[in-house]
Amino acid sequence: MKIKSSEPFWLVKNGILHSYPSLREDVKTEILIVGGGITGSLIAHRCMEEGYKTILIDRREIGHGSTSATTSMLQYEIDLPLFELAKMIGEKGAAENYWACFKSIDDLKKIAKAVKSTCGFQKKESLYFAAFKKDVPWLKKEFEARKENGFPVKWLEAEEIEKKYQLKNAFGGILSDQGGSIDAFQLAHDILAFNHKKGLEIYDKKDIKKVDYKRNGVSVLTEYGDTITAKHMIYCNGFESTEIIKDDFVKLLSTYATVGEIMEDDQRHLNDTLFWNTAEPYIYMRTTDDNRLLIGGEDEDFVNPQKRDALLGEKSDKLSKYLKKVLPDYDFRSDFVWAGTFGETKDGLPYIGQHPDFPSTYFVLGFGGNGITFSVIGMDVISDMLKGKKHPLEEFYRFGR
């Protein structure tokens with residue numbers, strides 16, 4: 001499954017940071033992680049911290065899947081508003097999930113610092129604004145739900161938004177003081193390089209041909225005939241998990257993003273904030289650490305690579321046109337445009353844990369607009385599961401829920 005297309009900014013910006021060998025012999029390990037993106041790197045980091053003999057494999061170069069195409073916005077907000085999620089799983093569970101995402105941003109900052117990453121981690125505010133006047137009542141309802149549950153939020157009227165951010169055609173919004181941005185491609189490489197020095201075995205360009213799942217472990221046959229035997233296997237392969245799990249558990253879509261040229265003008269009014277709106281599908285914006293503006297959205301309900309790529313020019317034009325609507329004085333010139341696959345779950349929550357069809361195996365599948373924060377939460381969930389402990393949030397992430 002091809003999950004990205006045409007010049008993802010992070011991949012072009014960074015190039016190939018680290019390459020690893022392909023496997024050339026039969027090996028044994030305690031933990032086998034499948035997927036070398038940001039999720040796999042985080043899970044590998046925790047496994048190494050806890051002393052497990054760990055191997056990580058990827059079918060491509062490390063980080064060349066969804067991680068190279070992500071917009072790398074770190075939000076605690078789940079795709080489903082808090083008050084809507086509360087209707088589905090209860091107010092307590094909804095608040096606990098929002099707070100877990102909230103905490104994960106600070107946890108990720110600690111990890112980036114620990115591995116001495118040059119990913120440009122930056123704490124930012126997050127502005128969730130009404131794209132239409134009709135959205136204001138329910139957005140205010142969301143504001144009250146967050147406020148009641150203790151989240152540090154402030155309501156901004158349209159005039160305040162325009163004055164602070166020079167943002168027009170925003171009809172009010174929720175300003176949160178918890179958010180962040182990174183270069184996820186760089187961070188994934190930095191985490192893996194850090195742990196590779198500590199004994200993590202990494203093999204890229206290594207596809208799986210067959211897996212035997214047994215109660216006492218798994219046996220993996222690679223495309224070159226080598227065998228990896230592991231006590232536990234952890235899939236961190238995102239949307240490609242749909243190739244092996246036949247349940248109808250996630251809806252795959254295509255999203256588009258474009259990033260502008262380096263801006264010489266002052267854009268301090270934008271640099272410290274993540275922006276996203278209430279449109280369906282929503283539009284999101286952030287600046288990069290090299291002073292560009294990134295805008296994304298224009299989602300489509302298909303993942304066909306040829307069909308998706310054919311729309312790149314049209315989608316770039318639409319995103320640029322919307323930007324002109326909200327930031328009419330911004331001199332935006334598109335420098336890169338790309339598309340990627342993402343997933344929507346019925347409740348906006350990830351799938352983390354075991355699946356009955358796959359003994360000795362775990363899945364960490366973030367999905368949604370804040371998949372990176374879900375991956376950070378997944379570190380704790382999987383850690384507990386490997387120790388036979390029950391994590392307080394695991395019931396919300398189980399398959400078949």
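- Here the two rings, on F151 and W99, have centers that are under 6.0 Å apart.
- The residue from E77, K123, E125 that alone fulfils the side chain to side chain donor-acceptor pair (under 3.5 Å) condition with Q178 is K123.
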**Request:** Take K163 and E159 through the salt bridge (charged side-chain N to carboxylate O under 4.0 Å, His left out) test and state the conclusion after the steps.
**Result:** CA-CA 6 Å; K163 182 179 179 180; E159 296 78 12; over 6 Å; no
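- E261 has no carboxylate O lying under 4.0 Å from a charged side-chain N of R333, or vice versa, which leaves the two without a salt bridge.
- Atom CG of D190 and atom OG1 of T118 lie 4.5 Å apart (nearest 0.5 Å).
- The two residues G36 and L56 come nearest to each other via the heavy atoms CA-CD2, 3.7 Å.
- Ring centroids of H64 and F185 are separated by less than 6.0 Å, placing the two rings close together.
- Counting only residues at least two apart or on different chains, the ring pair (Phe, Tyr, Trp, His ring centres under 6.0 Å) pairs with a member in residues 111-132 are Y128-W276.
- Partner Q122 forms a side chain to side chain donor-acceptor pair (under 3.5 Å) with one of D289, T287, T288, D272 and no other, that one being D272.
- Here K141 pairs with nothing under the salt bridge (Lys or Arg N to Asp or Glu O under 4.0 Å) rule; sequence neighbours left out.
- S316 places no side-chain N or O within 3.5 Å of a backbone atom of G313 that could act as its donor or acceptor partner.
- For the pair Y76 and R146, the minimum side-chain heavy-atom distance is below 4.5 Å.
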